[in-house]
Number of protein chains: 2
Amino acid sequence: MVTKQYSGAPEDADLTRADSLAREIFSDIANKWAFLIIELLADRTLRFSELRNEIEGISHKMLTQNLRMLERYGLVERTVYPTVPPRVEYTLTAAGQALHEIVSGMCDWTHRYLAHIETSRQAFDA
Amino acid sequence: MVTKQYSGAPEDADLTRADSLAREIFSDIANKWAFLIIELLADRTLRFSELRNEIEGISHKMLTQNLRMLERYGLVERTVYPTVPPRVEYTLTAAGQALHEIVSGMCDWTHRYLAHIETSRQAFDA
DNA sequence: CCGTATCCTCCATGATACTG
DNA sequence: CAGTATCATGGAGGATACGG
């Protein structure tokens, strides 16, 4: 799917655009921070600072950047409460929840194959 | 799962290590090239140069690097045929095939929400 | 054909500071 | 508290060359 190359045939225009878009989406979302954010927001709505605290090792900048990207793609909804200090909450949209099914599957996969992977790595490194 | 922080309690040792490992695996594999490679190898065994040709935009170096990583994790099996010139084939292991189920689900997701995403992006950019 | 090593570039990312 | 902008840099990744 995502690897289709441009053929030049006019009737391919839509398919090619769709594939190019799919590839772009794929490239943006198949990223650890995005996955971690989605995994956390699946449980409950979280504030910016809560996300920041829960995701070990993420910088302010990366969190903002990924949240914007997810919001732009319509996977996350951002709500600003005009209080002082401001309160900003992030929650998953329906599309985001659907993606969470995938992410969740990947978490399961990771745990299921943890032992296999560890064994394999030790063998490889030897 | 992958976001658990170290609590310091001794009885958490294994869980903490498992989570740290899970997080590491997650970070390595949630990467566009790895996903694309797995998607392609799901169909059939491929040679290095075939992968190189099928994955638009990947460099020799990135392909090698990702194949090594996947091999190290036991997701891909590498077979060298000692001919001249050498022939090297890559195929998915059982663990790799299991992961492909996830990747495949993500491809489906992408196509299902393509329109939603495009609409959302246009709205956001305006 | 495939793999590794080297060099070099540049961009992603972190750190910092300022605003509302 | 949350967002944006700026600056500096390390390291990811590309290009290239050589070896098996």
Side-chain angles (χ1 to χ4, degrees), chain A residues 2-3 23-37 40-41 44-73 75-92 123-126, chain B residues 3 23-37 40-41 44-73 75-92 124-126:
Chain A
V2 266
T3 55
R23 171 76 174 269
E24 189 187 338
I25 294 166
F26 205 80
S27 296
D28 281 347
I29 296 179
N31 136 13
K32 61 175 176 176
W33 296 134
F35 275 22
L36 287 172
I37 290 170
L40 285 170
L41 291 182
R44 62 186 187 90
T45 294
L46 288 171
R47 302 182 58 173
F48 182 89
S49 49
E50 289 172 330
L51 281 165
R52 178 99 161 82
N53 291 332
E54 298 247 25
I55 305 179
E56 193 186 345
I58 197 169
S59 67
H60 187 124
K61 186 176 182 175
M62 280 300 96
L63 181 55
T64 305
Q65 201 166 297
N66 277 276
L67 284 171
R68 285 299 162 277
M69 183 268 290
L70 293 172
E71 189 191 356
R72 193 169 101 99
Y73 281 13
L75 307 187
V76 156
E77 186 179 323
R78 176 172 177 268
T79 311
V80 183
Y81 297 92
T83 59
V84 281
R87 176 184 189 85
V88 181
E89 290 187 346
Y90 293 92
T91 183
L92 289 187
F124 186 93
D125 292 342
Chain B
T3 54
R23 170 76 175 268
E24 190 186 338
I25 294 167
F26 206 80
S27 297
D28 281 347
I29 295 180
N31 135 14
K32 60 176 176 176
W33 296 133
F35 275 22
L36 287 172
I37 291 170
L40 285 170
L41 291 182
R44 62 186 188 89
T45 294
L46 289 171
R47 302 181 59 173
F48 182 89
S49 48
E50 289 171 329
L51 281 166
R52 179 95 161 83
N53 292 331
E54 298 247 23
I55 305 179
E56 193 186 344
I58 197 168
S59 67
H60 187 124
K61 185 177 181 175
M62 279 302 94
L63 182 54
T64 305
Q65 201 165 298
N66 276 277
L67 284 170
R68 286 298 160 280
M69 182 269 289
L70 293 173
E71 188 191 357
R72 191 168 103 100
Y73 281 13
L75 307 188
V76 157
E77 187 180 323
R78 176 172 176 269
T79 312
V80 182
Y81 297 92
T83 59
V84 280
R87 175 184 189 84
V88 182
E89 290 187 347
Y90 293 91
T91 183
L92 288 187
F124 186 93
D125 291 343

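Computed from heavy atoms alone, side chains included, the values below leave out hydrogens, waters and symmetry copies. Chain naming here is simple, since letters A, B, ... match the order of the sequence lines and numbering starts at 1 in each.
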Practice task
Return the value, rounded to whole Å, for the distance between atom CG of L46(B) and atom C1' of dC2(C).
Solution key: 15 Å

Practice task
State, yes or no, whether a side-chain contact exists between I37(B) and L46(B) at a heavy-atom distance under 4.5 Å.
Solution key: no

Handout entry: Interatomic spacing from CZ in R44(B) to CG in L92(B) - rounded to 0.5 Å
Key = 12.5 Å

Practice task
Would you please confirm or rule out a distance under 4.0 Å between OP1 or OP2 of dG3(C) and any side-chain N or O of R78(B)?
Solution key: yes

Practice task
Output, in order, the C-alpha distance, side-chain angles, deciding distance and verdict of side chain to side chain contact (heavy atoms under 4.5 Å, CB included) for L67(A) and F48(A).
Solution key: CA-CA 9 Å; L67(A) 284 171; F48(A) 182 89; 3.8 Å; yes

Completion exercise
Taken to the nearest whole Å, CG/N31(A) to P/dA12(D) is 15 Å

Exercise for the section: Might you confirm whether atom CD of E77(B) has over 12 heavy atoms from other residues, nucleotides or ligands at distances under 6.0 Å? Expected result: no

Problem - Protein-nucleotide distance (N66(A), atom CG; dA2(D), atom P), rounded to Å - result: 17 Å

Problem - Distance (rounded to the nearest 0.5 Å) between D28(B) CG and L75(B) CG - result: 10.5 Å

Fill in the blank from the handout: Among dC1(C), dG3(C), dC1(D), the one nearest any side-chain atom of S49(A) is dC1(D)

Handout entry: Minimum heavy-atom distance F26(B)-K32(A), with the two atoms named
Key = CE2-O, 4.5 Å

Practice task
Using a 4.5 Å cut-off on heavy atoms from C-beta on, say whether the side chain of M69(A) contacts that of N66(A).
Solution key: yes

Exercise for the section: Take nucleotides 9-16 of chain C nucleotide by nucleotide from the 5' end and write B, S or -, depending on whether a protein heavy atom sits under 4.0 Å from the base, only from the sugar-phosphate, or from neither. Expected result: ----BBB-

Practice task
Starting at atom CG of N53(A), determine the distance to atom P of dA2(D), rounded to an integer number of angstrom.
Solution key: 9 Å

Handout entry: Distance in angstrom units between L51(B) CG and dG3(C) P, rounded
Key = 10 Å

Practice task
Kindly say if R68(A) contacts the phosphate of dT4(D), meaning a side-chain N or O under 4.0 Å from OP1 or OP2.
Solution key: yes

Problem - Validation row: L41(A), L51(A) side chains within 4.5 angstrom (heavy atoms) - result: yes

Exercise for the section: Ignoring backbone atoms, test whether R47(B) places a side-chain nitrogen or oxygen under 4.0 Å from the OP1 or OP2 oxygen of dC1(C). Expected result: no

Fill in the blank from the handout: To the nearest 0.5 Å, atom CG of L36(B) lies from atom CD of E54(B) at 11.0 Å

Exercise for the section: Would you jot down, in residue-number order, the residues of residues 81-92 of chain A having a non-hydrogen atom under 4.0 Å from DNA chain D? Expected result: P85(A), P86(A), V88(A), Y90(A)

